[in-house]
Amino acid sequence: MPSLLQKPPPQIGGVERTAYDASRGKAAAAARGYFGDDFTHHFCGLGPSPGPLINRGQHVRVAAVGSICEQFLAATRGHDAQIVSIGAGFDTRFWQLSATGEAPRLFVELDQPLIVARKSAIIAEQPALLAALPEGAACVGAESVASERYQLRAADVRDSAQLGKALADAGWDADRPTLVLLECVLVYLPPEEAVAVLTWFSQRSARVVLAGYEQIKPGDAFGRTMLENLRRRDCPLLGLPACPELASQVARCHAAGYARAEALDLLTYHGTVIAQAERARTASLELLDEVEEWQMLMQHYCVMMAVRDVPETPMFETLSLQAPVSRPFPVSSTPLAHGRQAALHRPVSPPL
Ligand code: SAH
């Protein structure tokens, strides 16, 4: 069935357009069996496979962010946890969690108005997506989705007044534990605005976990090409020069009020955190010739976790970026349910 997403409308450009790239990248890797995802195909048309280099990168990204999410939900069971996704794009985590009965009390997605309008329109026409929203209580409008557990709101998060209003309208509660998902978004913001997003949460809530994923290392030849490619596509990595290394990722979180922070590049994450059996499984899916390119690519992306907790009654003590991952999360019961195996391979730009 043709999807509304197959071609981004011309008025969606620049950084917003990267939501389409992210969604297509995840759909392609899911279709190849790298991880389960029964929902992304509702949001985007499946194009030619980007090949093992990119698909394996998506696997590590999904496994890493998913592991933090899984650990957060386990640590907050019974505490009415909340997840806030900043720059959510067409991410499907809410539906994944609903399908397995693990959705938190509240899941809020924020993005720019044009992306939110497209996502709302797609949700409104897809019974499989509507099914996760409680009947009668959901309001799927042209510019937002408001339901008891799931809220999709427009906000430019560079403006903290907009961020605050959208979260208040969504029913976000500063007194309950929150996981903030920052998957490929802070890197597009000017440095001071990225820090302001992190600080916004730490100044209001005593228990916050951050899960981040984005580019690093702009200074070498690969990094310079990465910066230039995205600048040419009109989505410059404005935040990268100020936060270029793992250590700067950690320092930024500390400075923003998070007592504990960790960051790993994706190559290290793949080699040391993902279980050997899972590495072997993904390696068997597609032959990867370009090992050096893959290593280079993985070294230019990182995953970050930061924690702000109540020291007297800690909830997040056991959370760790290094907690072993045997399978990416969430795992679908039918990993290849919509697995149209695209035969074509063509090089594409790195996952966004
Ligand atoms: N997190 C999603 C999408 C990543 S693409 C995923 O991983 O699949 C980056 C997203 O950030 C885009 O949807 C873009 O519109 C959003 N974004 C970038 N700058 C933003 C801003 N200032 N306010 C709100 N959203 C923003």
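Worth knowing before you read on, the calculation uses all heavy atoms, side chains too, and leaves out hydrogens, waters and symmetry mates. The model shown is predicted, which means the values in this text are computed figures rather than measured ones. This chain uses plain numbering: 1 for the first residue, then up along the sequence. Just follow the structure's listing: the first ligand is 1, and inside any ligand the first atom is 1.
The closest side-chain donor-acceptor pair between Ser67 and Gln71 falls under 3.5 angstrom. Side chain to side chain, Tyr150 and Glu109 meet the donor-acceptor criterion of an N or O pair below 3.5 Å. Counting only N and O atoms by type, the side chains of Asp91 and Ser85 include no donor and acceptor under 3.5 Å apart. Side-chain atoms of Arg207 and Thr313 include a donor-acceptor pair closer than 3.5 Å.
In this structure a side-chain-to-backbone donor-acceptor pair under 3.5 Å is present from Arg279 to Ile274.
By the 4.0 Å heavy-atom criterion, Lys26 is counted among the residues contacting ligand 1.
Which parts of ligand 1 touch Ala155 is read off a 4.0 Å heavy-atom cut-off, strictly below it: atoms 23 (N), 24 (C). Of all atoms in ligand 1, numbered sequentially from 1 with element shown, those under 4.0 Å from a heavy atom of Ala88 are 1 (N), 2 (C), 3 (C). Within ligand 1, counting atoms from 1 as listed, the ones closer than 4.0 Å to a heavy atom of Leu189 are 19 (N), 22 (N). Per-residue contacts place Asp156 under 4.0 angstrom from the following atoms of ligand 1 (heavy atoms of the residue considered): 21 (C), 22 (N), 23 (N).
Applying the ring pair (Phe, Tyr, Trp, His ring centres under 6.0 Å) definition to pairs two or more places apart or across chains, those involving residues 240-294 are His270-Trp294.
The residue Ser85 has no part lying near ligand 1, judged by heavy-atom distances below 4.0 Å. Under 4.0 angstrom from ligand 1, the non-hydrogen atoms of Ala19 come from both its backbone and its side chain. Residue contacts with ligand 1 for Arg61 involve side-chain atoms from C-beta outward but no N, CA, C or O (heavy atoms, distance under 4.0 Å).
Among Gly14, Pro190, Cys184, the residue whose heavy atom lies nearest to atom 9 (C) of ligand 1 is Cys184. Nearest-residue assignment for atom 15 (O) of ligand 1 (options Ile115, Leu182, Val157, Asp111; heavy-atom criterion): Asp111.
The N/O atoms of Thr18, backbone and side chain alike, include none that comes under 3.5 Å of an N/O atom in ligand 1. For ligand 1, none of its N or O atoms has an N or O atom of Asp91 under 3.5 Å away. In terms of N/O distances under 3.5 Å, ligand 1 is approached by Gly87.
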Identify each donor-acceptor pair in which a side-chain atom of residues 315-325 lies under 3.5 Å from a protein atom, sequence neighbours left out, and give them as a table.
from	atom 1	to	atom 2	distance (Å)
Ser320	OG	Gln322	N	2.9

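The two residues Val157 and Val197 have their closest heavy-atom pair at O-CG2, 3.6 Å.
Taking 4.0 Å as the cut-off between side-chain N and carboxylate O, Lys26 and Glu183 count as a salt-bridged pair.
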